[in-house]
Amino acid sequence: MFCEQCEQTASGNGCHQWGACGKSPEVNAVQDLLVYCLRGLASVVLKAKEAAISTREADIFTCESLFATMTNVNFDQRRFTDYIQRCLEIRENLKAQLGSVDWSALANYQPNFNESLVSQGQEVSLELIEKVQDLDIFSLKLTAIYGVKGLASYTFHAQELGQEDDSVYQVIQETLAAIDRSDLNLNDWVAICLKVGAANLRAMELLDQGHTETYGHPIPTNVPLNPRLGKAILVSGHDIKQLAALLAQTANTGITVYTHGELLPAHGYPKLKEKYPHLYGHYGTAWQNQTKEFAKFPGAIVLTTNCLMPPHENYESKLFTLGPVGYAHINRLETVDGAIDFSPVIAKAQSLPGFTEISEPRQVMVGFAHNTVLSVADTVVDALKQGKIRHFFLVGGCDGAKPDRNYYTEFVEQVPEDCIVLTLACGKFRFFDKQLGSIEGLPRLMDLGQCNDAYSAIKIALGLANAFNVSVNEIPLSLIISWYEQKAIAVLLTLLHLGMQNIRLGPTLPAFISPNVLKFLSDTYHLQPITTPAKDLADCLG
Ligand code: FSO
Ligand code: SF4
């Protein structure tokens, strides 16, 4: 097998025997086969778009199935077989509408379902076909594919909330179709990657609109970290819409709903909180701690998106997945009349003890999305001008199990008292409950939301640049980013598209970035690896 799409890739050099995430070589091969078929579908979709034939079904399908191939989303080989079959059905349906066209071999590719899809997937591994030809183009093709996976996940969430823009689908399909081309040079591939970043900015804007138009702008909200007595359901992942659907179905059941991981920021949405008082508190920390945290949780658990880890026997019977998420033998929630039916989760929660003991009250504050922060832009600008705030640090991104991620905790601990830390995504769980005080009434630690809310960080940076009438690289803001999976790659491409300089990335640099591509990123954008908290802090403040 070959996969190097995430930060945890084996020895920083690609997973070749078995995925460090728990993905088997067989699942990896059928994922490769699916992506290969999606690339063929993309060329047909582009022709259909030119001919003004509706491609919405194909576009949404492409997003969902690419989402399923992201790290820690779906480990179920049968689901990928279903996705491949569906991909070919959609492709042939579009071809039939287009009439006689001279299709490429990729657009006509037909796997043999009577033989092993695993060996057919191994034959179309991108590494096998491309790496030998040109390492730098291979590196940029991987960057584009992985970035498109992240973009597809944001686009999938946005369309769930009724927000779509055909220009985003166009970029996803163009990028997938371009992988097959051998006539593009390095500059062309850099441009393709930056275009993915631009489309991702639009996708994140759509997702932000979807969230805020449906659930209101997040407001500063205290979230209990201690449970309350009674039956309980824990919801993890990122999908606010599915959380809302669960809340609707559990209203008046007496069950308390807790968020886990990246769903913590859901508590900041006023329309969710007002409507569903049984959305009570947060339980646990980041994704890599789930095997311990899920085992202890005394109720049912729903995984709405990444990051799913291979479940342990001691909690798998109370774990449920939905949408693109999956694991063989784990309960899967079905869609009934267009909505997920959570009744098996409710029945499971009722059969489990729930919380029978209370603990010391603790809480954290969420809800510092762009609307809240920019509503006090004048205070921020005054405090900056008067030197009361010296610098902003965005310390955010993904968490992971490696010990070198302690850098981010130590960094936040060492940030001087006249500086403010903005954070987002699951990396914050290393320091989210620290009491850092405030400056001029502004908390020194502000949680902007999920990785899906990276748009907020960008809006705040652009808003401050606008208030000072300078470029975004001239405001006193440093980006200290931790990455893990492909959404982080999409966001990084967005930041590069915006021309953001001096991003510090860690805990290690992506394995798929070749030395020449890294040199380009470092020369053009001054993208750099993290070093030590003390050195990086001194450099940023210097
Ligand atoms: Fe974390 Fe996982 Fe949100 Fe990622 S839960 S690591 S960038 O998939 O999604 O931040
Ligand atoms: Fe390895 Fe990451 Fe790929 Fe899993 S997703 S196989 S850990 S590179």
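As the structure is a computational prediction, the values presented were derived from the model and not from experiment. We count ligands from 1, going down the list as the structure has it; atoms in each ligand are counted the same way. Counting begins at 1 with the first residue of the sequence. Every heavy atom of this structure was used, including side-chain atoms; hydrogens, water molecules and symmetry mates were not.
Ring pair F411/F393: centre-to-centre distance below 6.0 Å. A distance below 6.0 Å separates the ring centres of H260 and F294. Between F429 and F432, the distance separating the two ring centers is shorter than 6.0 angstrom.
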Report task. Under the salt bridge (Lys or Arg N to Asp or Glu O under 4.0 Å) rule, what do E7 and K402 come out as? Steps first, then yes or no, please. Result -> CA-CA 10 Å; E7 195 274 336; K402 289 186 183 169; 3.2 Å; yes

Does the pair E485 and K149 meet the rule for a salt bridge (Lys or Arg N to Asp or Glu O under 4.0 Å), with working shown? CA-CA 10 Å; E485 44 81 341; K149 288 188 182 192; over 6 Å; no

(request) Assess whether side-chain contact (heavy atoms from CB on, under 4.5 Å) is satisfied between D447 and L264, documenting all intermediate values. (result) CA-CA 10 Å; D447 181 357; L264 166 63; 4.0 Å; yes

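Taking every non-hydrogen atom of T9 and a distance limit under 4.0 Å, the qualifying atoms of ligand 2 come out as 8 (S). Near K23, meaning under 4.0 Å from one of its heavy atoms, ligand 2 places the atoms 6 (S). Taking every heavy atom of C398 and a limit of under 4.0 angstrom, the matching atoms of ligand 1 come to 6 (S), 7 (S). Within the listing of ligand 1, atoms 10 (O) sit less than 4.0 angstrom from a heavy atom of A425. Each of the atoms 1 (Fe), 5 (S), 6 (S), 10 (O) of ligand 1 lies under 4.0 Å from some heavy atom of C426. Within the listing of ligand 1, atoms 9 (O) sit less than 4.0 angstrom from a heavy atom of K487. Applying the 4.0 Å criterion to heavy atoms of A20 picks out, from ligand 2, the atoms 1 (Fe), 7 (S). Residue-ligand proximity, E4 to ligand 2, at heavy-atom distances under 4.0 Å covers atoms 8 (S).
Residue E262 has at least one N or O atom closer than 3.5 Å to an N or O atom of ligand 1. Between Y484 and ligand 1, no pair of N/O atoms sits closer than 3.5 Å.
Expressed to the nearest 0.5 Å, how far CG of L333 lies from CZ of F320 amounts to 6.5 Å. Taken from CE in M309 to CG in L319, the straight-line distance is 12.5 Å, to the nearest 0.5 Å.
Ring planes of F512 and Y146: perpendicular class, angle over 60° (limits at 30 and 60°). The aromatic rings of Y258 and Y283 sit perpendicular to each other, their planes meeting at more than 60°, with 30° as the lower class boundary. Relative ring orientation between Y455 and H370 is described as perpendicular, the plane-to-plane angle rising above 60° on a 0-90° scale split at 30° and 60°.
For the pair R78 and D76, the salt-bridge criterion is met [side-chain N within less than 4.0 Å of a carboxylate O]. In summary, K434 and E413 engage in a salt bridge, as defined by a charged side-chain N under 4.0 Å from a carboxylate O.
Scanning all protein heavy atoms for the shortest distance to atom 7 (S) of ligand 2 gives C21 N, 3.2 Å. With respect to atom 1 (Fe) of ligand 2, the closest heavy atom belonging to the protein is C15 SG, 2.2 Å. The protein atom (non-hydrogen) at minimum distance from atom 2 (Fe) of ligand 2 is C6 SG, 2.3 Å. With hydrogens left out, the protein atom closest to atom 8 (O) of ligand 1 is E485 OE2, 2.2 Å, a heavy atom. Among protein heavy atoms, the minimum distance from atom 5 (S) of ligand 2 is reached at T71 OG1, 3.2 Å. With hydrogens left out, the protein atom closest to atom 6 (S) of ligand 2 is G19 CA, 3.4 Å, a heavy atom. The nearest protein atom to atom 2 (Fe) of ligand 1, hydrogens excluded, is given as C307 SG, 2.2 Å; this is a heavy-atom distance.
Using a 4.0 Å cutoff on heavy atoms, H238 counts as a contact of ligand 1.
One of the N, O or S atoms belonging to C3 lies under 2.8 Å away from atom 3 (Fe) of ligand 2.
At a heavy-atom distance under 4.0 Å, atoms from both the backbone and the side chain of Q5 approach ligand 2. Residue-level proximity to ligand 1 for Q450 is absent, since no heavy atom of it falls below 4.0 angstrom.
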